[in-house]
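Notes follow once the structure below has been shown.
Numbering of residues begins at 1 and proceeds along the displayed sequence.
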Amino acid sequence: MHPMLNIAVKAARRAGGIINRASQNLDLLHVSRKANSDFVSEVDNTAEEAIISILLEAYPKHSILAEESGAKGDPDKSEYQWIIDPLDGTTNFLHGFPQYSVSIALKHRGVLTHAVVYDPSANELFTASRGRGAYINDHRLRVSKRNQFSECLIGTGLPFREFSHMNAYLAMLKDIMPKVAGIRRPGSAALDLAYVAAGRYDGFWELELSPWDIAAGCLLITEAGGLVGDLEGNDTYMESGHIVAGNPKIFGQLLQVIAPHLTKELMA
Ligand code: IPD
Ligand code: CA
Ligand code: CA
């Protein structure tokens, strides 16, 4: 394993330990509200601090973009930037619903090079390094081979915090739902993307995600042979947060069903 990926795995496992311990005593947690339906607990902050301290101890000059504490260091001066979501799926975590993850990605000169998504309740570790494939624990990952849209299991995220694109989203959902075998909304986008890489879903789409939700998952998918794009299949998804992913056969079919529902606001 590349030494940088190894450090990221160490950080993700440390955060996973903090999350697992806290999950046994959810009643004791101190929770606050960042915005409407946007909760943060002391676990998000403690896990993030642990991750950052492990990464910066190994690589003091690297810059950081983390969900809870924001940006550290100058990404223009440092060639390396770590993108961190210490707990993706906080709402699930707070409800004892075991579907959440730690997501850590490294960009080198703007290109994603290493990725870890760790599910601490299932102890599933998803990793990828550019050009070296994607793995779950020690096993190589490949996206699914399904090519019939009607046989596909598609993951998504329902809007819950920001509802400006709700009508467009519901129109997409309404169009996709009868055409596929099933739709799932488990509640951790980073883990959803890891599941596309693992072939558990054949495709995925969601609107309005943040860089820390998707950076690691995107590298997992491309290294597992899948495709990732924005709502038109282009590469602005890290900026827009609107993302479509899938195995190479389903990716295009998903884009085609989404296309009639694109609005001016979504493309802005
Ligand atoms: C959220 C999860 C969820 C997605 C949201 C994200 P958080 O992350 O990834 O699946 O639908 O858009 O914000 O807030 O739990 O880290
Ligand atoms: Ca998140
Ligand atoms: Ca989070």
Side-chain angles (χ1 to χ4, degrees), residues 34-40 44 48 64-71 81-93 99-107 110 112 115-119 126 128 154-173 176 183-198 200-201 203-222 224 226-246 251 254-255 258 261-263 265-268:
K34 286 196 278 193
N36 202 12
S37 297
D38 193 357
F39 298 92
V40 62
D44 301 62
E48 183 166 303
I64 302 274
L65 175 64
E67 177 174 11
E68 308 305 340
S69 58
Q81 185 187 42
W82 294 94
I83 305 174
I84 302 160
D85 191 336
L87 175 51
D88 185 55
T90 297
T91 305
N92 282 347
F93 170 76
Q99 182 77 10
Y100 39 81
S101 62
V102 180
S103 176
I104 303 177
L106 180 64
K107 265 188 177 178
L112 286 166
V116 180
V117 173
Y118 180 51
D119 173 346
F126 300 87
I154 304 292
T156 189
L158 302 173
F160 68 101
R161 178 165 46 205
E162 226 288 305
F163 299 101
S164 49
H165 302 304
M166 180 143 89
N167 288 338
Y169 175 80
L170 290 176
M172 294 171 193
L173 183 66
I176 294 169
I183 295 192
R184 299 289 180 271
R185 195 294 187 242
S188 164
L191 209 47
D192 287 329
L193 295 170
Y195 281 17
V196 174
R200 294 174 183 176
Y201 293 138
F204 174 83
W205 95 103
E206 185 164 353
L207 309 181
E208 301 223 79
L209 289 167
S210 299
W212 42 81
D213 301 316
I214 58 183
C218 290
L219 186 63
L220 288 170
I221 292 176
T222 52
L227 296 173
V228 181
D230 58 25
L231 298 171
E232 292 181 297
N234 300 322
D235 57 10
T236 70
Y237 49 92
M238 285 289 262
E239 294 81 48
S240 69
H242 307 323
I243 188 169
V244 178
F251 179 70
L254 203 46
L255 288 172
I258 287 172
H261 309 295
L262 297 180
T263 57
E265 293 74 27
L266 270 175
M267 306 317 292

Q | His165: partners by ring pair (Phe, Tyr, Trp, His ring centres under 6.0 Å), with sequence neighbours left out | A | His242

Q: Show your reasoning for whether side chain to side chain contact (heavy atoms under 4.5 Å, CB included) applies to Leu87 and Phe93.
A: CA-CA 8 Å; Leu87 175 51; Phe93 170 76; 3.8 Å; yes

Q | Within the 6.0 Å centroid threshold, strictly below: Tyr169 and Trp205 | A | yes

Can you list the residues that meet the side-chain hydrogen bond (donor to acceptor under 3.5 Å, both in side chains) rule with [X], with sequence neighbours excluded?
X      : value
Ser164 : Glu162
Glu67  : Lys34
Glu206 : none

What distance do [X] atom [atom1] and [Y] atom [atom2] have between them, rounded to the nearest 0.5 Å?
X      : Y      : atom1 : atom2 : answer
Ile154 : Ile183 : CD1   : CD1   : 7.0 Å
Ser240 : Leu231 : OG    : CG    : 6.5 Å
Leu112 : Ile214 : CG    : CD1   : 9.5 Å

Should [X] and [Y] count as side-chain neighbours, where that means a heavy-atom distance under 4.5 Å?
X      : Y      : answer
Phe126 : Val116 : no
Val228 : Tyr237 : yes
Cys218 : Ile243 : yes
Gln81  : Leu65  : yes

Q: Using atom types as modelled and distance alone, determine if a side-chain donor or acceptor of Ser69 lies under 3.5 Å from a backbone N or O of Ala66.
A: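 Absent.
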
Closest heavy-atom pair and its distance - [X], [Y]:
X      : Y      : value
Ala168 : Thr263 : CB-CG2, 3.9 Å
Ile84  : Trp212 : O-CB, 3.4 Å
Tyr100 : Gly89  : CB-O, 3.7 Å
Leu254 : Ala245 : CD2-O, 3.8 Å
Val117 : Ser103 : CG2-OG, 4.2 Å
Ala171 : His261 : CB-ND1, 3.6 Å

Q) Taking everything shown except Asp235 itself, do over 12 heavy atoms lie less than 6.0 Å from its CG? A)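 Counting other residues, nucleotides and ligands, CG of Asp235 stays at 12 neighbours or fewer.
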
I'd like a table of donor-acceptor pairs (distance under 3.5 Å, sequence neighbours excluded) in which one partner is a side-chain atom from residues 185-197, with atom names and distances.
unit_1 : atom_1 : unit_2 : atom_2 : d
Arg185 : NH2    : Leu158 : O      : 3.0
Ser188 : OG     : Asp88  : O      : 3.1
Ser188 : OG     : Asp88  : OD2    : 2.8
Ser188 : OG     : Ser101 : OG     : 3.0
Ser188 : OG     : Leu191 : N      : 3.4
Asp192 : OD1    : Tyr201 : OH     : 2.9

Q.
As a test of understanding, state which of Leu262, Ile258, Leu266, Leu255 forms a side-chain contact (heavy atoms from CB on, under 4.5 Å) with Glu232.
A.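 Output: one option passes, namely Leu262.
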
Q.
Run the salt bridge (Lys or Arg N to Asp or Glu O under 4.0 Å) test against Arg200 and tell me which residues pass, sequence neighbours left out.
A. Glu124

(Q) Does either side chain, that of Asp230 or that of Thr236, offer a donor lying less than 3.5 Å from an acceptor on the other one? (A)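 Checked: Asp230/Thr236 side chains pair up, N/O donor to acceptor below 3.5 Å.
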
Q: For Ile176 and Leu173, run side chain to side chain contact (heavy atoms under 4.5 Å, CB included): C-alpha distance rounded to whole Å, both residues' side-chain angles, the deciding distance at 0.1 Å, then the answer.
A: CA-CA 5 Å; Ile176 294 169; Leu173 183 66; 5.9 Å; no

Q: Check the pair Met238, Ile83 against side chain to side chain contact (heavy atoms under 4.5 Å, CB included), reporting the backbone distance first and the verdict last.
A: CA-CA 11 Å; Met238 285 289 262; Ile83 305 174; 4.2 Å; yes

